[in-house]
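Written out below as structure tokens is the structure these notes cover.
These values consider heavy atoms only, across backbone and side chains, with no hydrogens, waters or symmetry-generated copies.
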Amino acid sequence: MNPDTTVEGGLAEPTELEPEQGSLDLADSEDRATVADWEAATAAVLRKSRRLTDEDPDSSVWDKLTRTTLDGIGITPLGTPQLLDALSTAGRPSRAGAWDVRAHLGAGPDRSRNEAALVDLDGGVTSLWVQVDADTDLGVLLDGVLLDLAGVVLDAAEPVAAARAFLSLAGETTLAAGTNLGVSAAAAEADLVEVATLARDAGLLGVVVDATAVHDQGASDVQELAQSLVLGVRALRVLTAAGLGVDEAAGLLEFRYAVTDEQFPSIAKLRAARRLWARVLELSGAETSAQRQHVVTSRPMMSRYDPYVNMLRTTVAAFAAGVGGADAVTVLPFDAPLGRPEAFGRRIARNTSHLLIEESHVAAVADPAGGAYAVEKLTDDLALAAWELFGRLEDGASLEELIAETVARREAEVARRKRPITGVSEFPNLAEELPQREADGGFDGVRSYGASFEALRDEPAARPVFLATLGTVASHTARATFASNLFAAGGIAVEVAGPTADAEALAAAYTASSGSPVVCLAGSDATYAEWAPAAVEALRAAGATRVLIAGKPIDGLTDDSCAVGVDALAFLTRTREALA
């Protein structure tokens, strides 16, 4: 493919094989089992949990356990050897050894950022990703940084001025490998060419193909991959039109992707990215097929509430980045969603990579996921879908509209808690005191996955819900706990009746409370059948105007209900309106 033309050619599409074929041989002969044996054992478990009936065939486990991504790609519960024969595995990671541990320096006073940078470098960071504003003084910001040892990647609103200022500061210093003058592949053509030319002459990287921008807006994995191809091809077209060779232009590019705590899709995304870019370069007549990847832990997956959970999220994401073969990895500090990260957050962020590299030895093997049937299949599926979408985007399809559709699907799953967010939609703590951080604009414009629930938490309900617990503690605990957690996810506190023997005792507990207009019954099915009608009558007589129930609704008795699978966001919104 000539970079000046539209996309041509395609990726070879694998042949689908039936999952039930073949065997699952383990080391010992007595451990050998067929896929049919696995289906039977799995079906038995699902029947115990009532997810399958006795009439359902064992093969139904594939449909029950296959998870579909936002891109419509099915992730099967088990990879089998037969899948591997049908797959193309181009784009496998080739990085040998540790990845570049890259710290992010966002907006802020230059001297403060310099102090943070020096602490990071002393703590084992190997490169810096630096935000450069119009008033940034690079001399102050990079004071004491050994530019021949630590790579610097610029991220500037005015890329030409920033690149020239940085090169002037460096003088005759031989700059560290990985240094990137950082012009965006989406920048104005004149800026793109000028910075790329400066980078070529200095023997540096010069262009960042940043796909995290669409990820931050809610794009799916396939959409992020396709957008990276659109931007990468644009950079090749602009630079080759300015006189650079295809290989010369490709050698100036670094791709930036996001990884989430969805471990296997993130690994597969990075592997698919290499395969896709190799295909672009092949069709462009380039001799090289390499893609340099800078991988950043996802901003949208992070939460402002219970921010310490972000340590777990970013650890899983960093692991996926390392296994996926990233050349450089930036772990964002757990407190970044709250504002400018403090020293503790930055320390945990850099140590996440060090623990994975030095203690877990994740970087000791070039491609740990290689040959894993499920990962190889997912890599193929992502690559094929992204290539198809790339072609549509080249033909004028609207990525914004596609992202909006993805956001709507994700929002629906989050609202029903099919995509649970710990500390936000699940296990929230209304009494938590959030760490205070100075605003730095680092998350401005980011569409957080938990934004709808966090908005409710930002403005707690003025009044609590009276939790009308029916019966003994043992009989009502399960549903009372479920309801309490659900209400807390919407910023609603509860007043709990405690153990009650009958409707009269329940009404007395309600009268002794603050008298909330909204009550929620919580008890066992047997208790509901025995005295829920009397309880509702007594509560309404005592002043309750809206009666909810934890469990299935009782027609003609309750006004609303909550159970597993309910649209939690809609339920909480209705409840808050009744409490207002």
Side-chain angles (χ1 to χ4, degrees), residues 100-123 125-173 175-176 178-188 190-199 201-202 204-210 212-213 216 252 254 256 294 296 299 328 330 332-333 335-336 338-343 345-346 349-350 437-446:
D100 174 6
V101 181
R102 182 169 297 172
H104 181 241
L105 295 177
D110 293 339
R111 182 56 63 186
S112 298
R113 292 197 291 163
N114 172 256
E115 293 171 359
L118 295 179
V119 171
D120 280 340
L121 291 167
D122 285 342
V125 160
T126 52
S127 68
L128 300 172
W129 170 19
V130 180
Q131 183 173 326
V132 181
D133 301 320
D135 57 351
T136 297
D137 185 336
L138 286 175
V140 173
L141 179 56
L142 299 176
D143 183 29
V145 176
L146 302 179
L147 299 179
D148 57 336
L149 299 179
V152 173
V153 178
L154 302 179
D155 188 348
E158 300 177 7
V160 175
R164 291 191 177 278
F166 176 74
L167 292 174
S168 175
L169 176 68
E172 298 300 318
T173 302
L175 295 170
T179 298
N180 193 330
L181 299 185
V183 65
S184 169
D191 290 349
L192 180 56
V193 171
E194 185 169 353
V195 175
T197 302
L198 290 172
D201 295 344
L204 306 173
L205 297 170
V207 182
V208 173
V209 180
D210 189 359
T212 66
D216 288 350
L252 297 172
E254 181 175 65
R256 184 175 295 150
H294 171 207
V296 186
R299 285 185 175 89
T330 296
L332 297 178
D335 51 348
L338 299 172
R340 184 170 298 115
E342 293 190 348
R346 298 187 69 86
R350 62 179 180 265
R437 298 291 184 266
E438 184 180 353
D440 66 351
F443 274 61
D444 290 352
V446 174

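- Aromatic ring orientation, Trp129 versus His104: tilted (interplanar angle from 30° to 60°).
- Residues satisfying the side-chain contact (heavy atoms from CB on, under 4.5 Å) criterion with Glu115, sequence neighbours excluded, are Arg111.
- Leu147 is not listed as a side-chain neighbour of Thr179, based on a closest heavy-atom distance of 4.5 Å or more.
- Atom CG of Leu142 is separated from atom OG1 of Thr136 by 10.0 Å, given to the nearest 0.5 angstrom.
- When all heavy atoms are compared, the tightest approach of Val208 to Gly182 is CG2-CA, 3.9 Å.
- Note that CG of Leu146 is 9.5 Å distant from OG1 of Thr173, once rounded to the nearest 0.5 Å.
- Between Ala163 and Leu198 the shortest heavy-atom distance is CB-CD1, 4.3 Å.
- Put simply, CG on Leu175 and CG on Asn180 are 11.5 Å apart, with the number rounded to the nearest 0.5 Å.
- Considering only heavy atoms from C-beta on, Val101 stays 4.5 Å or farther from Asp120 through its side chain.
- Annotation: side chain of Leu204 is in contact with side chain of Leu167 (closest heavy-atom distance under 4.5 Å).
- Judged as a salt bridge (Lys or Arg N to Asp or Glu O under 4.0 Å), and not counting sequence neighbours, Asp155 has no contacts.
- Looking at Thr197, its side chain does come within 3.5 Å of a backbone N or O of Val193 through a donor-acceptor pair.
- Shortest non-hydrogen contact noted between Leu138 and Ala162 is CD1-O, 3.9 Å.
- At distances below 3.5 Å, not a single donor-acceptor pair connects side-chain atoms of Asp133 with backbone N or O atoms of Asp135.
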- [ ] Apply the test side-chain contact (heavy atoms from CB on, under 4.5 Å) to residues Val183 and Leu181: give CA-CA distance (whole Å), side-chain angles for both, the deciding distance (0.1 Å), then the verdict.
- [x] CA-CA 6 Å; Val183 65; Leu181 299 185; over 6 Å; no
Open item on the list: Run Asp440 and Gln131 through side-chain contact (heavy atoms from CB on, under 4.5 Å) and show every step you take.
Closed with: CA-CA 12 Å; Asp440 66 351; Gln131 183 173 326; over 6 Å; no
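- Contact between Arg346 and Ala116 at its shortest, heavy atoms only, is NE-CB, 3.9 Å.
- Asp110 places no side-chain N or O within donor-acceptor distance of the main-chain N or O of Val140, the cut-off being under 3.5 Å.
- Of all heavy-atom pairs between Ala176 and Ala150, the closest is CB-C, 3.7 Å.
- Arg299 contributes no side-chain N or O that, together with a main-chain N or O of Thr212, makes up a donor-acceptor pair within less than 3.5 Å.
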Could you walk me through whether Leu192 and Val207 pass side-chain contact (heavy atoms from CB on, under 4.5 Å), step by step? CA-CA 8 Å; Leu192 180 56; Val207 182; 3.8 Å; yes
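- At least one donor-acceptor pair closer than 3.5 Å links the side chain of Arg340 to the backbone N or O of Ala107.
- Listed by chain and residue number, Arg102, Thr126, Ser127, Arg292, Ala328 satisfy the side-chain contact (heavy atoms from CB on, under 4.5 Å) test with Asp100 (two or more places apart in sequence, or in another chain).
- Within the 4.5 Å cutoff, side-chain heavy atoms of Val119 are placed close to those of Arg350.
- Residues Gly178 and Leu205 share a closest heavy-atom pair of O-CD1, 4.0 Å.
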field: Residues Leu128, Leu121; criterion side-chain contact (heavy atoms from CB on, under 4.5 Å); working and verdict
entry: CA-CA 9 Å; Leu128 300 172; Leu121 291 167; 4.2 Å; yes
